[in-house]
Amino acid sequence: MTLDAALEALEDAAELGEGRIDDADVAAIRVVLERSASRRALSSEHTVVGFFGATGSGKSSLLNAVVGEQLATAHVRRPTTSEPLAAVWGARGSDALLDWLQVADRRHVETAFAGDETLSLILLDLPDFDSVEPQHRAIAERLAGQVDVLVWVVDPQKYADAVLHRSFVAPLATHGAVTAAVLNQVDLLPADAVPDVVASLRGLLAADGLTDVRVLHASAATGEGVDAVRATIARFARERAAQSARLAADVAAAAGRLEAPDIAPEVAAPVRARLTDGLATAARVDAVARAAGASYRKRAGQTTGWILTAWLLRLRADPLRRLHLLPTTRARGRDADVHRTALPPQSSAERAQASLAVRAYGDAASEGLGDGWRAAVRQAANEALAVVPDALDRAVARTDLGARGSWWWVVLAIVQWVALGAALVGVGWLLAAALLPIWSLPAPEVPVEQGWPVPTLLIVAGVLLGILTGLLGAALGGAIGAARRARARRRLRAAIADVARTEVVEPIEHERDRAEAFGDAVRRARR
C-alpha cells in the first residue's frame, strides 16, 4: 500500500473512531497525520538522521567522527548536549526543515558526505534522553517523532539500560526499517568480547520488537567502525526512502494502537422478531386489531340488522371512534403524519417491554465490539427509546385497518327496508280494514290465501325476513370482522416492523457499519 493510501486509511480510522475509541489514541493519530503532512511539505531531498543516546554514550564524539570535523565540541555547553545541533549537507530547502524541527544550531558542511556530493543530509546531535533536565528529555522525545532515521548510540556500560529500551526503543518497534543501533566505545572492551556484546544488544533490540534493525559497533576514539556507520547513513540518504519509510512506520504504529472491532454476523432473526414483538406489545397492536374487528361487527349490525332493533347498536360506542381510528374520523382533513390516536399512555409494563426489546437488540448487535462501540450502540438504543412511543402512535394512526364497510351491507340493508316496508303495508292494510268502516268509509278488501289474510302474511313475512336478514348480517359481520381483525393485526405488525427498522435497527446498524468501516481502515493502515 502506498503512503498516501495508508495516511488516508489512518485519517478515516480517526474520523470513524471519534468518540468511540480512546481519546489518547485519536490524539496520537492526529499528531501522526499533522506531522506527516508537515514533513511531506518540506524538503524531500534531505534525509534527517538523529543520534539518540544516554549520558556518556558518546553521541557527540561519534557524530564528529562520522562528519570528520569537530562540530559538536564547538557548542559552549558541551560535552553535555542541551540543545540539538545540526550538521547540514545541501543548504537548499534545509532552513524550512530545520525550522520545523526547531533546531537553531546549524552547521553547514562543505565536504561531501561519504565522498558523495549528491547527498542532501542533516545529522542531529541530540540531548541525552536520560538527562536530569526535563526539557532535554522533552527535546529528545519530540525529535524522536520527527527525524527520518533514528540512530541509537549506546555504550558498553548502558546498552541494556531499561529506560532506553522501555521508553524509547520499544515504542518505536515498528520503525526497524529506519533504525540503526551503534555500540560505541568498543575500545573499552577486549576485542574478543565485542561480538558477544553486539549479539547481546541485538537480542535486546529483538525483544523490543526490532528484529531486523542494523546493529553496528564503533569507537569514536580509535575510528573503528566509523566508516561502517558513515556508509549506513549514506545508504539511507542515497535511497531517499527514509522519509516515506519513517512516515509509513508512524502510520503502522498509530494503527497498531487501535483494535479493529470483531463485527458479529447479522443479528439473528429471532432477536429481530422479539424486537417487533416487544414494540407491537407496547403499541397495543392486539387491542387495536380487536377494536377494528369489533368496530366492523358493530357497524355491520347497525346497517344490516333488524331495523326495529338495530338502532340500539348506535347507543354503544364504536371502538375505533373511541381511539380516533375510525376511517371517517381520520379522513376529515387530518394529516396522517401528525394525527395521533387516543390510545392511553403506555403503562410501565409496556414501556419496560419496549425497552427490553430495544436493548436486547442493541446487545445482540454490539456483540464482539469494543467498549466504546458498545457504548455508541447503547446510546443509539437509548435515543431510539426516546422517539419510539411517538413513532409507534403515528404508525398505528397511519395504518389502514381495513374497517371500512362492505358491499353486502347495502344489499342486506335494502332487503331490511323491503321487509320493513312489507310489514308496514300489512299493518296499514289491516288497520284500514278495521278503522275505515267506523268512519263510514269503504274498507279495503282483505284477500285470504291458504286461510291467512294477505296483510297478515305481509306482516309475518316482513318480520321474519328482517330477523333472518339480521341474523345473516350478524353471522357475516362476525366472520368478516374476525378476518378484518386478523388483517388489521398483520398490517399493524408490518407498520411496527417499519418503526423497528427505521428507529431502532437502522441507527444501530449505522454504528455497526461504522465499526466495520473503522476496522477496515485500521487494517488498511497497518499494511
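Just so you know, these numbers use all the heavy atoms, side chains as well, and skip hydrogens, waters and symmetry mates.
Two residues are said to be in side-chain contact when any heavy atoms from C-beta on lie closer than 4.5 Å; Leu71 and Val109 meet this criterion. Proximity of Leu401 to Leu492: side-chain heavy atoms (C-beta onward) are separated by under 4.5 Å at one or more points. Contact check for His217 versus Leu189: no side-chain heavy atoms found under the 4.5 Å cut-off. Considering only heavy atoms from C-beta on, Val48 stays 4.5 Å or farther from Gln146 through its side chain. Contact of the Gln243 side chain with the Thr47 side chain is not registered, since no non-hydrogen atoms from C-beta on lie closer than 4.5 Å. Within the 4.5 Å cutoff, side-chain heavy atoms of Arg493 are placed close to those of Thr276. Val522 has its side chain within reach of Arg526: a pair of non-hydrogen atoms, C-beta onward, lies under 4.5 Å apart.
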Could you pull out every donor-acceptor pair under 3.5 Å between side chains of residues 88-99 and any protein atom, sequence neighbours left out?
from: Trp89; atom 1: NE1; to: Thr111; atom 2: O; distance (Å): 2.7
from: Ser94; atom 1: OG; to: Ala91; atom 2: O; distance (Å): 2.7
from: Asp95; atom 1: OD1; to: Arg106; atom 2: NH1; distance (Å): 3.4
from: Asp99; atom 1: OD1; to: Arg106; atom 2: NH1; distance (Å): 3.4
from: Asp99; atom 1: OD1; to: Arg106; atom 2: NH2; distance (Å): 2.4

Just list the side-chain donor-acceptor pairs under 3.5 Å for residues 192-213, sequence neighbours left out, or say none.
from: Ser200; atom 1: OG; to: Tyr159; atom 2: OH; distance (Å): 3.1
from: Asp208; atom 1: OD2; to: His165; atom 2: ND1; distance (Å): 2.5

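In this structure, Arg257 does not pair ionically with Asp22, as no charged nitrogen and carboxylate oxygen lie closer than 4.0 Å. Using a 4.0 Å cut-off between charged nitrogen and carboxylate oxygen, Asp498 and Arg501 count as a salt-bridge pair. Ion pairing between a basic and an acidic side chain is recognised when a charged N comes within 4.0 Å of a carboxylate O; Glu511 and Arg20 show such pairing.
The CZ atom of Arg137 lies 12.0 Å from the CG atom of Asp128; values are rounded to the nearest 0.5 Å. Taken from CD in Glu506 to CG in Asp513, the straight-line distance is 10.5 Å, to the nearest 0.5 Å. For the atom pair CZ of Arg142 and CD of Gln102, the computed distance is 4.0 Å after rounding to the nearest 0.5 Å. To the nearest 0.5 angstrom, Leu126 atom CG is 5.5 Å from Leu143 atom CG. Between the CZ atom in Phe52 and the CD atom in Glu141 there is a gap of 10.5 Å [rounded to 0.5 Å]. Rounded to the nearest 0.5 Å, atoms CG (Leu275) and OH (Tyr361) are 7.0 Å apart.
None of Glu516, His510, Glu509 except one satisfies the side-chain hydrogen bond (donor to acceptor under 3.5 Å, both in side chains) rule with Arg512; the exception is Glu509. For the side-chain contact (heavy atoms from CB on, under 4.5 Å) with Val49, the qualifying choice from Leu63, Thr232, Leu121, Val66 is Leu121, the only one to do so.
A donor-acceptor contact under 3.5 angstrom links the side chains of Asp125 and Ser60, judged on distance only.
Here salt bridge (Lys or Arg N to Asp or Glu O under 4.0 Å) pairs that include residues 32-45, with residues two or more places apart or in two chains, are Asp4-Arg40, Arg35-Asp250, Arg39-Asp148, Glu45-Arg240. Contacts classified as salt bridge (Lys or Arg N to Asp or Glu O under 4.0 Å) and involving residues 373-384 (residues at least two apart or in different chains) are not found.
Between Phe129 and Phe168, the two ring planes are tilted [angle within 30° to 60°].
More than 12 heavy atoms of other residues, nucleotides or ligands sit less than 6.0 Å from atom CD of Glu69. Surrounding CD of Glu367 are at most 12 heavy atoms belonging to other residues, nucleotides or ligands under 6.0 Å away.
Nearest approach of Val26 to Gly17, heavy atoms of both residues: CG2-O, 4.5 Å. Closest approach of Ala515 to Pro261, counting heavy atoms only: O-CG, 3.7 Å. Shortest non-hydrogen contact noted between Ala9 and Arg524 is CB-NH1, 3.3 Å. Between Ile29 and Ala254, the closest heavy-atom pair is CG1-CB, 4.3 Å.
Judged purely by atom type and a 3.5 angstrom limit, Ser366 uses its side chain to pair as donor or acceptor with the backbone of Asp363.
In this view, Asp155 satisfies the salt bridge (Lys or Arg N to Asp or Glu O under 4.0 Å) rule with no residue, not counting sequence neighbours. With sequence neighbours excluded, the residues that form a side chain to side chain contact (heavy atoms under 4.5 Å, CB included) with Ala234 are Phe113, Ala114, Leu119, Arg238.
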